[in-house]
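Note sheet for the following structure.
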Amino acid sequence: MTDSSKDDSSAQNPDLAVSPDMLKDFASEQCLLKECISEQNTQSWQRLRRAATSSSPWTNPVYADWSVLRYVGGLDLSCPKDDQKRACAALVVTELPSLKVVYKDFITDRVNVPYVPGYLGAREYPLMGRVLERMRKQCPEQFKPQVLLVDGNGILHPRGCGSACHVGVKEKMPCVGVAKNFYRLPKWEASFEDNIRGRLSAGITDDMVDLEHDGKIVGKAVRLSKNSGKPVYVSVGSNIDLDTAVWVVKLCSKYRIPEPIRQADLYSRRIIASGGTILGDGTDCGGGVTDLPSCVGEPEEPNHKDTIHRY
DNA sequence: GCGACAG
DNA sequence: ATCTTGTCGC
């Protein structure tokens, strides 16, 4: 291994490319999935829109027909800065109303699809699907998530099928897309994000604003933290309606990023940072998790330059 | 040619 | 996505 082989300049993504033909395949898959997206509430907790409270009974619910929302999953994927071909998918299950983590798991493996804007699901879903598959087998029944929050968009997407739709349709689960950054659809004017941010910080309206596209509300920009003027962008993945999706997101939020996603993000990032173990997994559950040095329980909101800007 | 562009 | 230090506020 001479130093020439480790040249950093040529390094970032040595090869992970995707041909135009491949992208077409991805796009047609999205169009097929799109037909399977449901924006209806079918579960009783969705219809009643009831969440667990500290006084809720401690019985272990079978999530499918329980009338109270108690367990929310968060999915995220991280990768090493110098190697797009490896990634870590993390799933975390959070309990309401405490927002404590009761189950977490990750899978690290090779990923052969690069990140291409508009095709995130093609890159991230396969690994997420594997971590969900293991959840079905290994997660204690009483901790199984009733809804999943995915780091990315749902139907707020150029073809109406973001990564959260891949998850929701393929897993047949209520699923919500939560994007940290604005994805401007082609028909939206360049200044649309600024308009939204302006409306939110002006406090004229609410703490959220509708995102309309072709006469349909495809998502909402929601400001979840008083400490940040920056919203997240919530949209339907599948098997839930938008208002209920926003309701869930708000229920799970202490900071700008909803806890399930934030915890999954911290977890996957930590696995990546711990280096060495590039192939592996790590199921953990039951609340008293002893895994890597604990990555739960951040005392305060992460430091940010995104302080609220008003004038 | 240049910028934009969920993660 | 990832890299970074200090810094401001409760």
Side-chain angles (χ1 to χ4, degrees), chain A residues 8 11-13 16 18 23 26-27 30 74-90 108 111-128 149-168 175-194 196 211 213 218-222 225-237 249 254-258 261-262 264-275 298-310:
Chain A
D8 224 19
Q12 266 338 42
N13 330 318
L16 219 50
V18 61
L23 280 190
F26 291 157
Q30 288 174 338
L75 275 170
D76 186 49
L77 189 145
S78 299
C79 66
K81 83 162 221 180
D82 57 326
D83 191 357
Q84 290 256 298
K85 296 199 295 304
R86 291 177 294 171
C88 172
T108 53
V111 172
N112 41 24
V113 179
Y115 168 63
V116 180
Y119 302 88
L120 186 61
R123 169 174 168 77
E124 298 198 339
Y125 173 70
L127 222 47
M128 290 178 168
L149 305 187
V150 177
D151 193 351
N153 283 309
I155 65 173
L156 167 33
H157 179 275
R159 285 167 298 282
C161 185
S163 56
C165 301
H166 290 241
V167 178
C175 192
V176 177
V178 181
K180 298 186 286 295
N181 293 291
F182 185 61
Y183 192 0
R184 189 173 62 82
L185 301 186
K187 289 187 169 185
W188 285 339
E189 65 274 28
S191 59
F192 193 39
E193 180 179 7
D194 291 333
I196 294 159
L211 306 176
H213 183 74
V218 296
K220 295 201 187 225
V222 188
S225 166
K226 304 174 186 70
N227 298 326
S228 175
K230 191 172 178 180
V232 295
Y233 302 91
V234 178
S235 59
V236 170
V249 164
K254 296 196 296 212
Y255 310 124
R256 189 177 83 90
I257 307 298
I261 288 183
R262 186 170 154 268
D265 185 63
L266 290 168
Y267 190 39
S268 61
R269 199 175 304 203
R270 173 162 216 115
I271 302 302
I272 290 292
S274 68
E298 298 291 303
E300 279 309 321
E301 166 134 29
N303 38 302
H304 267 48
K305 54 270 169 89
D306 277 321
T307 316
I308 190 165
H309 47 29
R310 38 124 187 259

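Labels below follow one simple rule: chain letters A, B, ... track the order of the sequence lines, proteins then strands, and each chain is numbered from 1. These numbers were taken from a predicted model, which means no experiment stands behind them.
Closest contact between the side chain of A/Q84 and the listed nucleotides B/dA6, B/dG7, C/dT2 involves B/dG7. Of the listed nucleotides (C/dA1, B/dA6, B/dC5), C/dA1 has the atom at the smallest distance from the side chain of A/D265. Taking the side chain of A/A179 as heavy atoms from C-beta on, and the options B/dA6, C/dT2, B/dC5, the nearest nucleotide is B/dA6. Each of B/dA6, B/dG7, C/dT2 was ranked by its minimum atom distance to the side chain of A/K180; first place goes to B/dG7. In the set C/dT2, C/dA1, B/dC5, B/dC5 carries the atom at the smallest distance from any side-chain atom of A/P117.
Nearest approach of A/M128 to A/V167, heavy atoms of both residues: SD-CG2, 4.2 Å. In plain terms, the two heavy atoms of A/I155 and A/C165 that are nearest each other are N-SG, 3.6 Å.
A close approach under 4.0 Å does occur between a side-chain nitrogen or oxygen of A/N181 and OP1 or OP2 of B/dG7. The phosphate of C/dA1 (OP1 or OP2) has a side-chain N or O of A/R269 nearer than 4.0 angstrom. Applying the 4.0 Å criterion to OP1 and OP2 of B/dA6, one finds that A/Y115 has a side-chain N or O inside that range. Side-chain nitrogen and oxygen atoms of A/S78 include at least one within less than 4.0 Å of the OP1 or OP2 phosphate oxygen of C/dT2. Look at A/K226 and you won't find any side-chain N or O under 4.0 angstrom from OP1 or OP2 of C/dG9.
Across all strands, A/Y125 comes closer than 4.0 Å to no nucleic acid atom at all (heavy-atom distances). No engagement by A/Y233 is indicated, since no non-hydrogen atom pair under 4.0 Å with the nucleic acid exists. If you check every strand for non-hydrogen atoms under 4.0 Å, A/G177 touches nothing.
Distance A/R123 CZ to B/dC5 C1': 15 Å, rounded to the nearest Å. Between A/L16 atom CG and B/dG7 atom C1' there is a gap of 14 Å when expressed in whole angstrom units. Taking atom CG of residue A/L185 and atom C1' of nucleotide B/dC5, one finds them 12 Å apart after rounding to whole Å. Taking atom CZ of A/R86 as the reference point, atom P of C/dT2 lies 13 Å away to the nearest angstrom. Taking atom CZ of residue A/F182 and atom P of nucleotide B/dG7, one finds them 12 Å apart after rounding to whole Å. Between the P atom of B/dA6 and the CZ atom of A/R159 lies a distance of 13 Å, rounded to the nearest Å. Nucleotide C/dA1 holds its P atom 10 Å from the CG atom of A/L120, rounded to whole Å. Regarding A/D151, its CG atom lies at a distance of 7 Å from the C1' atom of B/dG7, rounded to whole Å.
Paired runs in DNA chain B never reach 3 or more consecutive Watson-Crick or G-U pairs with both distances under 3.5 Å.
Once rounded to the nearest 0.5 Å, the distance linking CZ of A/R262 with CG of A/L149 reads 14.0 Å. The CG atom of A/L156 sits 4.5 Å away from atom CH2 of A/W188, with the distance rounded to the nearest 0.5 Å.
Not counting sequence neighbours, the partners of A/R269 by the salt bridge (Lys or Arg N to Asp or Glu O under 4.0 Å) test are A/D265.
Side-chain atoms of A/V178 and A/P258, non-hydrogen and from C-beta on, do get closer than 4.5 Å to each other. Between A/N153 and A/L120, every side-chain heavy-atom pair lies at or beyond the 4.5 Å cut-off. Residues A/L77 and A/D151 fail the side-chain proximity criterion, which asks for heavy atoms closer than 4.5 Å.
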